[in-house]
Amino acid sequence: MATYSRIVGTGSYLPEKVLTNAALEQMVDTSDAWIRERTGIEQRHVVEDGEHTVDLAEKASRRAMDAAGVKPGEIDLIVVATTTADQVFPSTACLLQSRLDIHGCPAFDVQAVCTGFVYALSVADKFVQTGTSKCALVVGAETFSRIIDWTDRNTCVLFGDGAGAVVVKADQNPGILSTHLHADGDYAKLLHVPSGVSNNYSAVQEGRAYVEMDGSDVFKMAVRTLGAIVDETLEANGMQRGDIDWLVPHQANIRIIQATAKKLRMPLDKVVITVAKHGNTSAASIPLALDSAVRAGDIKAGDMLLMEGFGGGFTWGSALIKY
Ligand code: UT7
């Protein structure tokens, strides 16, 4: 009998410090009205000095493990999706493993920017399907505020910090029905941080390794690509649009989310929308949205969920899940 993976617990965490649109009006030439109208964002959470990606990941993970009723010792795989790792190495997953007092199981990071959580979930799903893992912790955690130029109004109004996590267990019933991952590196320059350890390291040393984005080109590609992946996902599962109970999208821009909902002919009350409260938290945004809808009692056992994300690379992906 086939083995599936099932999400058995969710958790999330947002740092306490809130940065409102009104506060941003004091920092750059922008307005609350522009940000709300063009993005749907009202506020974002940002870390304090000394607060790191692993801190957010730990809090979200503990909440997910509590919700799942799983003890740290039962976790046999840790996959963390992040673009904003605390250190060059060890991976954030290894730092998290130590925090959780888990020892010996594989732990590694996945880097696919805003699609990171879908990539990480897909990897964990494969470990479970092959019998390599029975109980995996999958996390999306970011401190994007550290790679934002807070004087650039094109990017600084968009992003925030946060973490979300799920516990995934082996089960004879589905579960994760399918995952679909894609990338095309030819688009790297439309959305990137053009510096790192082995290239333009001086920018890192001088604290100016910042996100650069051609927003309107990214917007158009995101809408087109996410529309196509909806079709791909439904077709792979022999499903119709009406079979989906909830769309759980990456939270980058309300207008991108609305376009995907329209493609699915889904009313917006069947779409999990949290972008207003935390902006684009990259790899954290899908598990943050999932956890908020689960805790609100909106997403219930047996519901059919479609997760989708798009981000730097470009990368894009989806997951069809019977919750
Ligand atoms: O996570 C995955 C990757 N990221 C995304 O998916 C983000 C994709 N892109 C977007 O969400 C949108 O393109 C933005 C929100 C970034 C921009 O919205 P837009 O409707 O595409 O605006 P635009 O780039 O066409 O700019 C319109 C105007 C420009 O002024 P001019 O040239 O028309 O005079 C910008 O300079 O808005 C200006 N502008 C701003 N004005 C006030 C850009 N940023 C701001 C700002 N406040 N923060």
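Quantities reported herein were computed from a predicted structural model and do not represent experimental measurements. Whatever order the structure lists them in is the order used to number ligands and atoms, beginning at 1.
Surrounding CD of E16 are at most 12 heavy atoms belonging to other residues, nucleotides or ligands under 6.0 Å away.
Of the candidates E25, K220, R153, it is R153 that places a heavy atom closest to atom 38 (C) of ligand 1. Remark: among candidates L158, T315, V223, D32, the nearest residue to atom 16 (C) of ligand 1 is L158, based on non-hydrogen atoms.
In this structure, the protein non-hydrogen atom closest to atom 39 (N) of ligand 1 is W34 CZ2, 3.4 Å. The shortest contact between atom 46 (C) of ligand 1 and any protein heavy atom is with T30 OG1, 3.3 Å.
When all heavy atoms are compared, the tightest approach of A57 to S61 is O-OG, 2.7 Å. Of all heavy-atom pairs between L290 and T10, the closest is CD2-CG2, 3.8 Å. The two atoms that bring S91 and F108 nearest to each other are OG-CA, 4.1 Å, heavy atoms only.
Close contacts between ligand 1 and L191 involve ligand atoms 3 (C) [criterion: under 4.0 Å to a heavy atom]. Counting atoms of ligand 1 from 1 in the listed order, those under 4.0 Å from a heavy atom of C114 are 1 (O), 2 (C). Every atom of ligand 1 with a heavy atom of V218 under 4.0 Å away is listed here by number and element: 3 (C), 4 (N), 5 (C), 6 (O), 8 (C). Distances below 4.0 Å separate heavy atoms of N253 from the following atoms of ligand 1: 10 (C), 11 (O), 12 (C), 15 (C). Each of the following atoms of ligand 1 lies closer than 4.0 Å to a heavy atom of F310: 1 (O), 2 (C). Near R38, the atoms of ligand 1 lying under 4.0 angstrom from a non-hydrogen atom of the residue are 19 (P), 20 (O), 22 (O), 27 (C). Close approach of ligand 1 to R255 is summarised as follows: ligand atoms under 4.0 Å from at least one heavy atom of the residue are 18 (O), 19 (P), 20 (O). Within ligand 1, the atoms closer than 4.0 Å to a non-hydrogen atom of N154 are 43 (C), 44 (N), numbered from 1 in the order shown.
Distance check on atom 22 (O) of ligand 1: some protein heavy atom falls below the 4.0 Å cut-off. When distances from atom 32 (O) of ligand 1 to the protein are checked, no heavy atom turns up under 4.0 Å. Per-atom contact check: atom 6 (O) of ligand 1 touches the protein, criterion being a heavy-atom distance below 4.0 Å.
Under the 3.5 Å distance criterion, with hydrogens and angles disregarded, no donor-acceptor pair is assigned to the side chains of N200 and R208.
Atoms NZ and CG, from K277 and L288 in turn, are 14.0 Å apart once rounded to the nearest 0.5 Å. With values rounded to the nearest 0.5 angstrom, S178 atom OG is found 11.5 Å from E235 atom CD.
Checked by atom type and distance alone, the side chain of Q205 never pairs as donor or acceptor with a backbone atom of G207 at under 3.5 Å.
Look at A222 and you'll find every heavy atom at least 4.0 Å from all atoms of ligand 1.
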